Structure formats: structure tokens, C-alpha cells
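The sequence lines fix the lettering, A, B, ..., with proteins before strands; numbering per chain opens at 1. None of the values given here were measured: they were computed from a predicted structure.
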Amino acid sequence: MMHQKSVLRVVSKLLIPPILLFALYVQFHGDFGPGGGFQAGVIFAAGFILYALIFGVASARRVIPAAATRALLSLGVLLYAGTGVASMLMGAEFLNYSVLAATPLAGQHLGILLVELGVGMTVTGAMVTIFYTFAAQPGGDELPRNKQNNPDEGAKT
Amino acid sequence: MAVTAVFMLWLRDLVAVIMLSGIYSLFAAMIYVVMDAVDVAFTEAAVGAGVATVLMLGTLALTRQGTEKVHKTISWGPLSLVLVTGAVLIYGTLDMPRYGDPNAPVHSHVAPRYIERSASEVGPPNIVTSVLASYRGYDTLGETAVVFTAAIGVLVILGRRNRRQRKKAKREDAT
Amino acid sequence: MSDVFPGLLNYWIAIVLMMVGFYIVIAQGNLIKKIVGLNIFQVAVFVFYISMGKVKGGTAPILGEGIDVYSNPLPHFLILTAIVVGVATTSLALALIVRINTSFGTIEEDEILELEHADDAKEETS
Amino acid sequence: MMFAAAALAVLIALGLAMVRACIGPTVFDRILAINTAGTLTVVLISVYGFLTERPEFLDIALLYALINFIGTIAVTKYVSYEGLGYPVGDHDDGDV
Amino acid sequence: MTDASNPLLILLVILPLMAAPVCVLMRNAVAAWSLSLVVAWAVLGISIKLLMELNTTPTMYYRIGGWDAPWGIEYVLDPVGGFVILIVAVIGALSMTYAKASIEKEIPSERIYLFYAMMMLCLSGLLGIAITGDAFNLFVFLEISSLSSYVLISLGRDRRALSSAFKYLVMGTIGATFYIIGVGMMYMMTGTLNMADLSTILPTIADTRTIMAALAFLTVGISLKLALFPLHMWLPGAYAFAPSVVTVFLAATATKVSLYVLLRIFYTVFGNVDVFATFPIQPLLMTMALAAMFVASLAAIWQHNIKRMLAYSSVAQIGYMVLGVAIASEAGLTGGILHLFNHALMKGALFMAVGAMVFATGAVTLKDLEGMGRRMPLVMAAFVVGGLSLIGVPLTVGFVSKWVLVSAALDAGMWPLAALILASSLLAIVYVWRVVEVAYLRPVPEGAPAPAQVPLSMLLPMWALALMTLWFGINATLSTDLATQAARNLMGGL
Amino acid sequence: MLSAPDAILAAILLPLVGGAGVVLFGERHRNLREAVTLVTGAVLFVIVASLTADIINGARPSLIAYEMMAGLEIKFTVEPLGQIFALVASGLWIVNSIYSIGYMRGNAEKNQTRFYLCFTIAIASSIGIAYAGNMLTLFVFYEALTLSTYPLVTHSGKPEARSGGRVYLGILMATSIGLLFLGLLWTLNIAGTLDFTPGGILAGKAEGPIVGVLLFLYMFGIGKAALMPVHRWLPAAMVAPTPVSALLHAVAVVKAGVFSVVKVLVYIFGLDFLNDATADNWLIYIAGYTIIAASIIALRQDNLKRRLAYSTISQLSYVILAAAILAPISMIGAAMHIAAHAFGKITLFFAAGSIYTAAHKTEVSQLNGIGRRMPWTMTAFAIGALSMIGLPPTAGFVSKWYILSGALETQQMFAVGVIILSTLLNAAYFLPIVYVAFFKAETKVDGHAHVDHGEAPLGVVIALSLTALGTVALFFFPDIPLGLAQSMMAPEIMGAR
């Protein structure tokens with residue numbers, strides 16, 4: 001299909017690693033600039049979706065299997081809630097991170113890091129899961145071949 | 001922005017509508033930036049222009065309903081309902097503090113503590129992050145749960161049956 | 001740029017947008033368009049919220065040297081959450097649309113309604 | 001002042017792009033217009049960031065560029081193939 | 001404040017919330033069910049414990065994240081909240097017990113574990129709504145419960161389940177957005193989101209146009225979720241085509257929790273303002289409630305699908321509850337709250353009975369029920385108990401609710417209202433009796449297959465609810481006391 | 001011997017225990033099942049009867065059985081009127097059970113266990129109504145009676161039974177929930193209590209039009225009293241098997257209705273209060289109208305049971321009329337009439353059922369000469385008819401006498417006229433039946449193979465003979481009901497004047 005569109009393929013291959021890197025930057029730099037777990041998760045997923053768009057969902061699935069996205073999704077929520085429970089176990093209120101480390105400020109920092117990570121994991125997992133599910137629909141992989149030859153048809157509408 | 005919205009109302013070509021909704025989001029994000037809400041802008045750009053657009057296109061591809069059916073131009077019932085709602089809203093704005101007023105209650109009651117003490121109590125220079133993750137971290141947990149719900153929900157609703165089941169279903173459809 | 005919109009104008013623009021979105025939701029028959037309308041509606045509400053968080057002469061609530069007027073971070077956070085909720089709703093709605101399309105063969109509200117009535121009638125006579 | 005002038009210019013360009021996006025008439029006009037609009041937004045935000053002396057805004061600009069790119073690819077792909085996924089191999093298991 | 005802090009408050013919500021991802025990780029129907037069951041019963045245990053503790057400490061707080069109230073999010077449990085939590089927990093535990101057999105029959109097997117995850121989320125969301133003291137946190141949990149209920153409804157076998165879920169989704173989202181607009185306006189005028197904090201600030205600005213508009217939006221938004229007539233359009237379809245368990249769970253809890261939100265707004269947020277004196281809400285609510293009682297009951301009479309009939313009856317019963325609130329006296333409020341509980345019991349029993357019939361014979365229409373009294377005597381008997389309670393026959397909970405409601409109307413000097421309440425319950429006789437007559441007096445149709453054996457896991461919860469319907473109808477002291485206490489506590493804000 | 005409160009409780013629970021026994025034995029041990037019914041009936045009667053002497057002497061045993069919620073209690077108090085009703089209901093139940101056994105077996109009815117079970121519940125409810133100590137208790141058992149008799153009315157499950165049952169339940173539930181319940185709550189609201197108190201609880205608390213409205217709510221809310229226009233359920237209920245019509249729709253259910261009416265008038269409103277308020281004049285007219293109209297309709301019915309049903313409607317309004325006259329002596333008449341009519345009407349129904357069982361005839365026009373084939377039955381029928389008309393030597397005469405005296409004493413000429421006119425009408429629709437049964441030759445009906453038949457099964461004959469005997473006995477020995485009725489009036493009226 002898109003094998004002949006080598007410009008796209010090359011550009012994407014070049015772009016995806018920076019995108020993922022950018023996602024990590026957003027994830028961990030959220031304390032200082034705009035951004036945080038949610039945005040990072042979206043970007044991470046976006047990079048991945050880009051990969052799937054260009055190279056096909058099948059190969060994307062080989063990189064991250066569907067089950068893994070689901071696990072990621074669940075673990076993210078658990079990590080977040082688990083942080084809360086951990087602080088409860090350490091004798092403070094739910095989600096009171098101050099007790100997680102030696103000083104309250106360090107505890108807060110650690111807590112925020114953890115929960116942001118949880119959010120990021122969940123969002124990444126969620127976005128990829130949703131994308132997979134949509135892409136795997138019967139209509140999505142069984143294209144009417146005749147439309148391919150006549151791209152103008154879409155344009156006229 | 002308004003122009004985009006109105007055009008979305010007029011246009012019947014769903015692809016165009018979706019693209020315009022992407023643009024609409026971009027504009028919204030821009031306005032957020034102007035109003036100092038960088039984090040929101042960040043999210044809106046990622047979500048509104050990115051995720052939502054891609055998903056809508058995906059849906060469109062799956063449903064293959066490129067254009068909308070032609071309807072009567074204006075339906076009066078909904079229009080009047082909308083006008084009433086709008087009127088109530090406008091009425092409600094009359095007593096609001098003016099835009100950007102630094103003495104508005106919004107800026108004088110709860111928020112100052114976040115701005116003044118976030119650095120010493122929580123740490124991160126980005127106050128939104130400290131509100132998000134610590135002061136109101138529980139809301140964010142809820143938000144995460146919402147995302148989780150949506151993902152699982154999509155899976156439940158659309159979850160693909162494996163090949164064998166699919167074939168069987170197709171046979172049933174044919175009969 | 002904030003000086004361009006004095007007084008309540010900002011809110012009013014948000015309200016007009018809200019109403020356009022609301023109208024699309026309740027008046028348009030196409031399900032996808034309904035969802036688009038819902039998005040417009042919600043985004044307008046977000047604009048409304050963000051507007052109230054703005055402080056004249058303030059800047060983004062990221063602490064920095066030499067800045068002492070910040071805009072209110074709380075609405076930002078609220079809207080952050082609301083956006084996420086909004087996209088979650090959208091994705092669910094879209095998934096539903098796909099399923100509706102496969103089982104009804106249409107995504108126009110009135111046609112679905114007709115098919116539903118046909119189902120109801122079948123149930124009654126069976 | 002320089003930046004303000006630049007912002008104004010970008011806004012005008014943005015308006016023109018929007019006109020094209022709204023009136024069409026073909027999908028390709030729209031794609032192009034929207035891509036342009038996206039790019040202009042990136043520029044605008046960068047400029048605004050410098051206007052208000054908050055370099056953090058560059059992050060957003062970066063994100064915009066990225067999303068714009070992916071969005072355009074998605075739209076293009078939809079227009080030519082009416083689908084986002086590729087034919088998937090026969091070996092896939094159920095998702096659920 | 002801190003001395004009344006109780007970690008059980010947060011556990012109540014967090015347990016099901018954490019159970020959901022674990023369910024997903026398990027990928028196994030039986031394991032997921034077992035976990036959900038344990039969690040649901042644990043939640044019930046916690047809620048009973050909390051209710052008992054409420055006797056000594058009338059209001060409990062929990063500061064999440066260790067931040068003080070207006071800055072952080074605070075959980076508050078007072079008698080009303082405790083009462084609602086008890087309802088949700090009871091129905092949750094029972095329907096989870098009921099779920100296993102019913103779900104295996106109604107949903108594709110590979111989705112069952114996801115189904116339980118959704119149920120857990122829905123439970124968690126509803127509990128979160130009932131216990132939170134923060135207006136925005138309420139929105140978040142409202143969305144958790146709403147999103148999961150859209151999904152749950154769409155799992156119904158009939159294709160109309162999908163369109164109903166979609167309709168619900170659109171209307172529910174509009175409702176939630178309205179709510180957010182309302183909260184936004186209040187926030188704008190006060191600068192706070194905490195309910196208690198709001199209530200102290202509001203009196204000074206209650207007569208501003210913004211607050212008036214805010215109240216209007218909040219009321220409309222919640223009425224949408226509450227399915228208050230005429231905003232009920234989503235409900236009949238959603239209840240009719242959702243899987244049986246989901247219908248049981250949602251019918252008995254979701255609208256109740258929405259009503260609770262309405263109460264919270266009227267009496268806690270606007271607690272220091274006399275809402276009914278300041279705003280022209282009373283005639284409006286009352287008209288809506290009366291219209292719901294009559295129009296929806298009439299609609300129920302014409303339904304052929306049993307579940308849809310019961311759904312319309314729910315709309316009518318919601319009318320009763322709102323009417324109780326609209327009477328705006330302590331007695332009326334007691335009636336509303338009491339009916340909230342009582343209706344949960346009887347509707348739960350009714351929908352469980354219908355679910356059991358669907359399970360055994362696939363019956364959904366009135367015609368399918370012919371001779372059901374003989375084919376499934378136990379199930380049908382539970383249905384009759386619930387039905388009698390809907391009518392308001394003595395010795396059932398329906399009687400007690402009506403007693404309190406009508407007395408309240410008379411106390412308030414609104415005797416036409418009292419007459420109307422009773423007149424509308426006459427309509428209930430018609431629709432309930434249509435079913436009873438078909439089930440008991442029509443012969444079993446020729447060649448009807450023997451109904452499948454209904455497992456005990458379905459019969460027991462059903463009868464538990466049916467017996468509770470009778471028990472709290474005979475011994476109404478406990479439930480009435482709780483409701484009175486709750487109402488007094490709410491009104492105490494005045 | 002049981003103490004009085006225990007006896008009350010026992011009287012209400014015993015039939016339920018019996019019901020459990022009935023279900024336990026079921027269809028497989030039908031003899032045992034029916035023995036349980038009989039024994040229960042006998043024991044119940046003994047228990048109820050054991051209370052009589054004390055009541056006549058002025059004792060009013062009371063028992064708070066249960067408190068539903070604050071201020072809402074299930075309370076029982078035995079007073080004379082209730083005692084009359086309880087005696088009649090429990091006593092006739094024994095007879096009726098004997099009759100049922102013969103009838104149900106004779107006609108090979110289905111679902112007999114359900115039949116006997118519902119019967120026991122209905123009796124328990126009737127006793128509950130009779131001993132109710134406050135309006136709430138009365139209402140609870142009133143509804144229970146409606147519901148437990150519904151399966152009996154629709155026993156056959158045929159379409160006409162279904163539609164009959166629909167009318168039955170519809171009217172009874174609609175009036176009780178729509179009107180009675182409202183009246184009850186309103187009373188509570190005004191008076192602050194629902195206890196039946198001699199002299200009434202509304203006196204001095206309600207005034208003006210409210211009294212009229214309340215009276216309206218009560219009179220039409222108690223649909224079982226079959227005041228026109230809420231009488232339609234009674235003919236509709238005639239689709240039931242005859243023992244049901246006999247015991248329930250001649251005795252328990254309808255008597256529960258008029259009993260409640262009298263009770264409300266005496267203990268909720270209070271006679272003096274009503275006399276002062278003069279809000280009840282319309283009641284006399286409605287009752288009078290019902291008496292005459294129902295009699296005229298009865299005249300035109302060919303179906304025997306329907307004719308009896310309309311006769312019942314008319315006779316019930318005698319009680320209401322008597323109560324509405326508000327004279328103490330007519331009150332005694334009302335109480336007496338409850339008993340008298342019960343015996344007379346059950347006899348008539350038994351006879352109708354007997355004819356149906358033996359000859360499968362349901363229409364009046366088919367009865368020519370049947371008296372010669374079924375002498376016992378038709379003799380009993382004649383006695384019942386005499387009692388309805390109010391001729392000596394039957395119980396009906398006694399009660400009509402008291403009612404008439406009351407009407408004359410208070411110069412209610414309308415009531416007097418109604419009573420005289422209706423007596424004539426009663427004679428007009430009963431006497432021809434007796435006449436044709438004994439003195440006309442049997443006619444052969446076309447297409448209907450005239451089977452030779454004799455008397456009905458033994459159980460049936462015994463039962464109807466017993467009740468006919470009772471009707472006559474009440475004329476000669478009216479002491480017990482009379483004593484009770486006078487004891488009812490004693491503290492209130494006699495003391496006051």
C-alpha cells in the first residue's frame with residue numbers, strides 16, 4: 001500500500017524517536033513547564049499511532065501487543081491509587097505524599113512523580129487501546145478496493 | 001472560532017466538519033494560551049486537534065457515511081430551546097465580575113494559597129501541576145479512572161471477536 | 001491582547017459558541033455531527049472557565065523569577081480534567097456510533113428511530 | 001514591537017487560510033488550508049511566547065507541530081483509503 | 001474537623017475503584033466475578049459500619065491528600081449520605097451476587113471480565129458522588145459512573161440497546177455539561193468549590209443574577225441525569241434493553257444518587273439560603289413531578305415490553321420523590337428520602353424478577369408471560385410483592401412511602417396534592433395488574449418449553465429484596481427514623 | 001382459657017396457621033386438608049365466642065400488636081360491633097367449609113388448595129377488620145381482604161372471570177387507595193390519632209365543609225359497602241364459585257364494608273357530632289336511592305346469583321341507611337341487620353349453589369318445579385327470602401323493625417318510605433322464585449338434556465339447612481347480637497342522655 005510512499009516512511013522513522021523523547025520530556029518536565037502525565041501519554045500514544053498509520057496496525061501490534069496496552073492501562077490506575085494507599089499505610093491520609101519520603105517536600109515530589117507516571121501509563125494504554133480497537137473493526141481492515149483507484153470520489157463530496 | 005462553529009453547522013460533508021472541528025480546537029487552544037492557560041492549551045491541542053480528530057475520522061471510515069442526509073434547514077423547537085438557554089446564560093453573566101478583574105472572588109478566595117504557598121508546600125514551580133497532583137490529586141485519580149473507563153468501554157463495545165467468531169457472524173448476516 | 005475584550009464580551013462569545021454547539025447536538029440528526037456539536041459545546045464551556053481564571057496583567061501560573069501576578073491555576077486544572085472527561089466521552093460515543101452503524105446500517109437519528117419502532121412493533125406482535 | 005507586527009501578519013494569514021478551509025471546495029483545498037493554519041498557529045504561539053517572555057510556550061508550539069503532522073497524515077490517509085488501519089493478518093486473536 | 005476523620009470513608013470508594021483494573025488484569029470471568037463479589041460485600045459492610053458510627057458522630061470528614069477543606073478535596077458523610085450509600089451498597093452487593101448466572105447468559109463470554117470492571121467503576125462512581133463534599137469532584141465521579149453505565153447499557157443483546165445507550169450518552173453529557181456551567185458560575189461568584197464553604201459564602205450573594213442562573217443550570221443538569229419528566233426520554237430505552245443486572249443496578253441506584261445530588265445542592269450548597277423562598281423553584285418542581293407521575297404512569301400502561309413498562313414506572317416514581325422534595329417541609333423531605341430507599345428495594349426486586357424470567361425463558365413482552373405464575377411461581381411471587389408495593393398496598397414499603405408523602409402534603413395544607421398522589425397510584429394498579437392477570441390467569445401457552453432452572457444465586461438476592469420490601473413495609477421504624485434523621489440534618493442547614 | 005389479648009391475637013393468627021396446614025397437605029391429602037380447614041374454623045369460633053360474655057358486660061380488651069413506625073401502630077380492640085361481625089364471620093365459616101367441600105368436590109374444581117388457602121387468609125383479614133382498634137389496622141386488613149379474595153373471584157381463570165376480577169379489584173383498590181386512604185390520612189392530620197374512640201375523634205377538630213368531604217371520602221372510599229355508584233364490583237364478583245359468593249360476598253367482604261361504615265360513623269365521627277354538623281343528610285338519600293335502584297335492577301335479573309347480588313347491594317344500604325339515621329335504636333338495627341342479612345343471604349347463596357351443583361341451572365327462568373326435586377334446598381331458600389323481605393319468623397324482621405323504629409323516632413320520613421317500598425320490591429323479586437319452584441310444573445328446555453337429579457351433595461344440604469335454621473333462630477333468640485348491639489350504644493348514647 002504505502003510502501004511506495006517512501007518519503008513518508010523515512011520522515012516518520014526519523015520523527016518517531018524524537019516524538020517519544022518529547023513525550024518523556026513532557027512527562028518529567030511537567031513540574032517545571034506546561035505538561036504532565038496526561039499530555040505525555042497522549043504524545044506517546046500519538047507517536048505510536050503515527051507508526052501504526054504508516055506501517056500498518058499489524059506491525060504496530062507486533063511492537064506493542066494489545067494485551068500489553070491493557071496491562072499498561074490497568075497498572076497505571078493501580079499505580080496512582082496504590083500511591084494513595086501507600087501513603088495511607090504510612091499513617092497519613094490517602095494521597096498525602098508528604099510521608100512517602102524523609103521530608104514532606106521530597107515526599108510530595110516523589111508522590112507527584114509517581115502519580116504522573118500512573119496517569120501517563122493509563123493514558124498511553126488507553127489511547128493505544130482505543131486506536132487498536134477502532135482500527136481492528138471489520139470495516140477498517142476490509143477496504144473496498146475500488147475506492148482506491150478513484151481518490152477523487154472522496155474529494156467531490 | 002465562531003465562524004468555524006457556524007460553518008460546522010452548515011456543512012454536510014462530514015470530513016470537512018471533522019477537519020473544521022480540529023481547527024476549532026486549535027483556535028480554542030490558542031485562546032487558552034492568550035489567557036495564560038498553557039497546560040490547558042497543551043492538552044486541548046493534543047486531544048481536540050489530535051486524538052479526537054483521528055478518532056472521528058476512524059469512525060467515519062468505519063461507518064462509510066460520508067455525507068449527512070439533507071434535513072430541513074431550521075428546526076424551531078430546538079432553536080427556541082437554545083435561545084432560551086442562551087438568554088438565561090447571558091442573564092447570568094450580568095452580575096459577574098468583569099473579565100480579568102483581579103479582585104474577583106475567584107482570585108481572592110481559594111486560589112491565592114495555591115499561588116503563594118505551592119512552592120513551599122508542594123514544590124513544583126508549575127502551580128497547575130501541584131494543584132493537579134497534590135492539592136486536588138483525588139480529582140486526577142478520578143480523571144484517570146475516567147480514561148480507564150473509556151478505554152475499557154471502547155473495548156467492551158467494539159472489542160473485536162476473533163476470526164472464527166467473525167466468520168460465523170458473517171454467515172448469520174448473510175442468511 | 002486581553003484588552004481587546006472588555007467587560008463581559010469574552011463570556012458572551014463563549015455563550016454564543018455554547019449555543020451553536022448545543023443547537024447542533026439537539027437539532028442535527030447525524031450522530032457524528034451530534035458528537036461534534038457536543039465537543040463545540042464543551043470547548044465553549046472550557047473557554048468560559050478559562051476566561052474567569054484570567055487576571056489582567058497576569059501570566060501563566062508557572063513560578064518564575066520576577067513575576068508576581070499569575071492567572072488563577074484552579075480553573076486550568078478543572079478544565080484539564082474536564083477535557084479529559086470530554087475526550088473519554090467522545091471516544092465512547094464514537095465507538096457506539098460504529099456499533100450502531102453495523103447493526104442499524106445508518107447513523108441518521110430519524111432512520112434509527114424508524115427501525116426502532118419497527119423492532120417494537122415486531123416485539124408486540126410476536 | 002517586532003513581535004507584535006509579526007503576530008499581526010500571522011493572524012491575517014491565518015484568516016486567509018480559514019477562508020479557504022471553510023469554503024472548500026475540494027477536500028484537498030481544506031487539507032492544505034488546515035495544514036497551513038496549523039503551521040501558522042505554531043508560529044503564532046512561538047511569537048506570543050516571546051511577546052510575553054515565557055519561553056515555556058515553545059513546548060506547546062512543538063506539540064502543535066507534531067499533532068498537526070499526524071492529523072494531516074490521518075486525514076490524507078482517510079481521504080485516499082477511507083480507513084485508518086491496514087489489512088490485518090490472519091493470525092490476530094480477539095482483542096477482548 | 002480532623003478528629004472525625006475516618007479512613008473508612010475513602011476505602012469505600014477506593015476499593016471498587018482499584019478492583020476494576022485488577023479485574024481487567026485477571027482476564028478471567030470467574031476470578032473477576034469473585035473479586036467483584038468480595039468487594040461489593042465489603043463495601044456493604046463498610047457502609048453499615050459507617051451508618052452505625054453516624055449515630056455517635058453525625059458528620060464525618062476525610063481530608064484527602066491531607067489538605068484542609070477549601071484547598072483540598074474533602075469527603076463528608078452525614079446521615080443523608082450514609083443513607084444513600086447504604087442503598088447503593090445493598091443493591092450493589094445483591095446485584096453482584098445475582099450477576100454471575102444472569103450475565104453468563106446475556107453477554108458474550110469473552111467480555112464478562114470487562115463487564116465486572118465496569119460494574120465496579122459504576123459502583124465506585126456512585127459511592128463517590130454520595131460521599132464527596134466537593135462540587136467538582138462530584139462531577140468527576142458523576143462521569144465515572146455515567147461513562148460506565150453507558151457501556152453497561154450498550155451491552156444489551158438487542159440492537160436498540162446501542163441506540164438507547166447513545167441517547168443516554170448525549171443527554172447525560174448535556175446534563176453533566178450543564179452541571180459544570182452551574183458549578184462554574186458559582187465558582188466565579190465565590191471562588192470556592194467546596195460545598196460547605198460555598199454554603200457559607202452564598203447567602204451574601206444569593207440574589208445575584210449569576211447565582212440564579214447557576215441554580216437553574218444545576219437543577220436542569222441534574223434533572224437530566226435524574227430523568228425528571230420531561231427530561232426522561234433516555235430512561236425507558238436504556239432500562240429496557242440493558243442486560244438485566246445492569247437494569248437492576250441502575251434502576252435502583254443511579255437515579256437515586258442523582259436525586260441525592262439535587263438534595264445536596266438545595267440543602268447543603270444553598271443550605272444557608274432558603275432555596276424555595278428565594279427562587280421560584282417549588283411550583284416548577286411540583287408541576288414536573290406531578291406530570292411525571294401521571295404521564296409516565298399512563299405511558300407504562302401502554303407498554304408491551306415489561307422492562308420498559310417498569311422503566312416508565314420508575315419515571316413516575318421519581319416524580320414522587322421529587323414531589324417530596326418540592327413540598328419543602330421536613331416531612332416532605334422525609335417522604336422523598338424514604339421513597340428513595342423504598343423504591344430502590346421494590347424496583348430492584350421487580351427488575352430481578354424480570355431478569356430471572358428473561359434468564360429462564362427469554363420472556364420480555366407481556367405476551368411471553370402467559371401462565372408464568374404457574375411456570376415460575378417463586379419468581380412471579382416476588383414480582384407480585386414488588387408490584388403491590390408500587391401500588392402502595394399496606395404492609396409493603398410503597399405504603400409507608402405514600403403514607404409519609406401524603407401526610408406531608410396534608411401537613412403542608414396541600415390537600416389537592418395528596419389526592420393527586422393517590423390518584424396516580426391508581427394508575428399503578430392498572431399496569432401492575434395487567435402483568436399479574438396475564439401471568440396467573442392465562443393458561444401456559446401450548447408447547448412452551450419448560451423454563452430453565454433459575455439458580456439460587458439469582459433467586460436469593462431477588463427474594464432478599466422482596467422480603468425487605470415486606471419487612472420495611474411492616475417494620476418501618478428503622479427506615480423512617482433514618483430518613484427523618486437525614487431530612488432533619490439537611491433542613492438543619494436552614 | 002386464653003386471656004383476652006391472647007385470644008385476639010390467636011383469632012387472627014389461627015386461620016393463617018390453618019392456611020399453612022392447608023398448603024402443607026395440599027392436593028395429595030385432600031381429606032386432611034379439609035379436616036384442617038374445619039378444625040381451624042371450629043377452634044376459631046370457640047375462641048371468638050369466648051370473648052362474647054365479657055364484651056356484653058362492657059369489657060373492651062385491647063392489644064397493640066405492633067408499631068410500624070412512630071405513631072403508626074397495628075392495634076386491636078374488641079368492641080360489640082366488631083364482636084358481632086367476628087362471630088358471624090367465624091361461625092358461618094364453619095358452615096361454609098362444610099358446604100365448600102361438597103361444592104368443590106361436586107363440581108370437581110381445580111386449584112382447590114389455593115382456594116382453601118385464600119379462604120383462610122380472607123377469614124383472618126375479616127377477623128382483623130372486626131377487631132381493628134384503629135383506622136390504620138382496619139385499612140391494612142381491608143386491603144388484605146381485597147387481595148386475598150381476588151384469586152377466589154378469578155378462580156376459574158376463564159375470560160369472564162378475568163374481566164370480573166378486573167372490575168372487582170379495580171373498584172375496590174381504586175376506592176380504598178384513592179379515597180379511603182386519603183380520608184384516613186386527613187383524619188390523622190386533623191385529629192392526630194386514628195384510634196376508634198367512643199364519641200368520635202373528629203368532634204371539635206373538624207368543621208364546616210371538611211366534615212362533608214371527609215364523610216364523602218369514607219363512604220365512597222369503603223367500596224365494599226357497595227353504595228351506588230361504586231357497587232359494580234359486586235355483580236362482577238359473581239363469577240366466583242358459589243361458596244365464595246356465599247361467604248365472602250354475602251358475609252365477609254360486604255359486611256366488612258358496612259361494618260367499616262358503621263364503625264367510622266360511630267367511632268371516628270361520633271353520632272352527636274354528625275347530628276350537630278348535619279353533614280350526612282345526603283348519605284340517607286344515597287343509601288335510599290341505592291336500596292331502591294338495586295332492588296329494581298334485581299327484579300330484572302334472570303341469573304339467580306346476579307339477582308342475589310343486587311339484593312345484597314340493596315340490603316347493605318339498609319345498614320348504611322340505618323347508621324345514617326343516627327338514632328341509637330337504628331344503630332342497633334344496623335348491627336342486627338349485619339347478622340340477620342348474613343344468615344339470610346348465605347342461605348340463599350347456598351341454595352343457588354346447591355341448584356347449580358345438582359341441576360347445573362343458573363337462571364331463574366329454569367327453576368320451574370325444582371322445589372319438588374330439591375325440597376330441602378328450596379325450603380331453605382324460602383326462609384332466606386322471607387328474611388330478606390323482613391317477614392317473621394325470620395331474623396330480617398327483627399332488624400328491620402329496629403331500623404324502622406329509628407326512622408320513625410327521628411321523623412325521617414324519606415327513610416320510612418324507602419324501607420316500605422323496598423320491602424315490596426323484595427317481595428316482588430323473591431316470592432315468584434319460591435312460587436315457581438314449588439307450584440309450577442317442570443318445563444323441558446329445548447336442546448338441554450334434562451337430567452334427573454335429586455338433592456345436592458350431603459355437605460351442601462347440611463350447610464344450607466344449618467343457616468336456614470340460624471335465620472329462624474335469630475328471630476326467636478336475638479339475645480346475643482342484641483345484647484352486643486345495646487352494649488355498643490351503652491357507654492356513648494345511653495350515658496350521654
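Interface residue E:Thr190: only backbone heavy atoms are found under 4.5 Å from chain B. Contact annotation for E:Ala20: both backbone and side-chain heavy atoms come within less than 4.5 Å of a heavy atom of chain B. Of the atoms belonging to E:Tyr150, not a single heavy atom falls under 4.5 Å from chain B. With a 4.5 Å cut-off on non-hydrogen atoms, E:Leu152 does not touch chain B at all. For E:Pro21, the parts lying near chain B are the backbone and the side chain together; criterion is any non-hydrogen pair under 4.5 Å. Using a 4.5 Å cut-off between heavy atoms, E:Leu147 contacts chain B through both its backbone and its side chain. Contact of E:Ile201 with chain B is made through the side chain alone, with heavy-atom distances under 4.5 Å. When heavy atoms are compared at a cutoff of 4.5 Å, E:Phe139 does not approach chain B at all. Proximity to chain B is limited to the side chain of E:Ile10, based on heavy atoms less than 4.5 angstrom apart. Neither the backbone nor the side chain of E:Asn194 comes within less than 4.5 Å of any heavy atom of chain B. Of the two parts of E:Tyr187, the backbone and the side chain both hold a non-hydrogen atom closer than 4.5 Å to a non-hydrogen atom of chain B. Residue E:Ile211: no heavy atom, backbone or side chain, is found under 4.5 Å from chain B. Of the atoms belonging to E:Met212, it is side-chain heavy atoms, and not backbone ones, that fall under 4.5 Å from chain B.
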E:Phe217/B:Val88 under side-chain contact (heavy atoms from CB on, under 4.5 Å): CA gap, chis, key distance, verdict | CA-CA 9 Å; E:Phe217 272 89; B:Val88 173; 3.7 Å; yes

Test ring pair (Phe, Tyr, Trp, His ring centres under 6.0 Å) on E:Trp67 and B:Tyr135 and set out the steps.
-> CA-CA 6 Å; E:Trp67 302 111; B:Tyr135 287 108; 4.5 Å; yes

Run the side-chain contact (heavy atoms from CB on, under 4.5 Å) check on B:Val154 and E:Val151 step by step: do they pass?
-> CA-CA 8 Å; B:Val154 170; E:Val151 175; over 6 Å; no

Could you go step by step and tell me if B:Tyr138 and E:Phe136 meet the ring pair (Phe, Tyr, Trp, His ring centres under 6.0 Å) rule?
-> CA-CA 11 Å; B:Tyr138 191 62; E:Phe136 191 80; over 10 Å; no

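Pairing each heavy atom of E:Asn137 with each of B:Arg136, the nearest pair is N-NH2, 4.0 Å. Closest heavy-atom contact between E:Arg111 and B:Val156: NH1-O, 2.9 Å. Considering every non-hydrogen atom in both B:Gly92 and E:Thr210, the closest pair reads O-OG1, 2.6 Å. B:Thr149 and E:Met118 make their closest contact through O-CE, 3.4 Å (heavy atoms, listed as atom of the first residue, atom of the second, distance). Annotation for B:Ala145 and E:Ile144: closest pair CB-CD1, 3.7 Å, computed over non-hydrogen atoms. Of all non-hydrogen atoms in B:Ile157 and E:Ser154, the two that sit nearest each other are CG1-OG, 3.5 Å.
For the pair B:Ile152 and E:Leu121, the minimum side-chain heavy-atom distance is 4.5 Å or more.
When E:Asp134, E:Ile73, E:Val140 are compared by the number of non-hydrogen pairs under 4.5 Å with chain B, E:Ile73 comes out ahead. Among the candidates E:Asp197, E:Ile14, E:Ile205, the residue making the largest number of heavy-atom pairs closer than 4.5 Å to chain B is E:Asp197.
Atom CG of residue B:Leu155 and atom CG of residue E:Leu114 lie 5.5 Å apart, to the nearest 0.5 angstrom.
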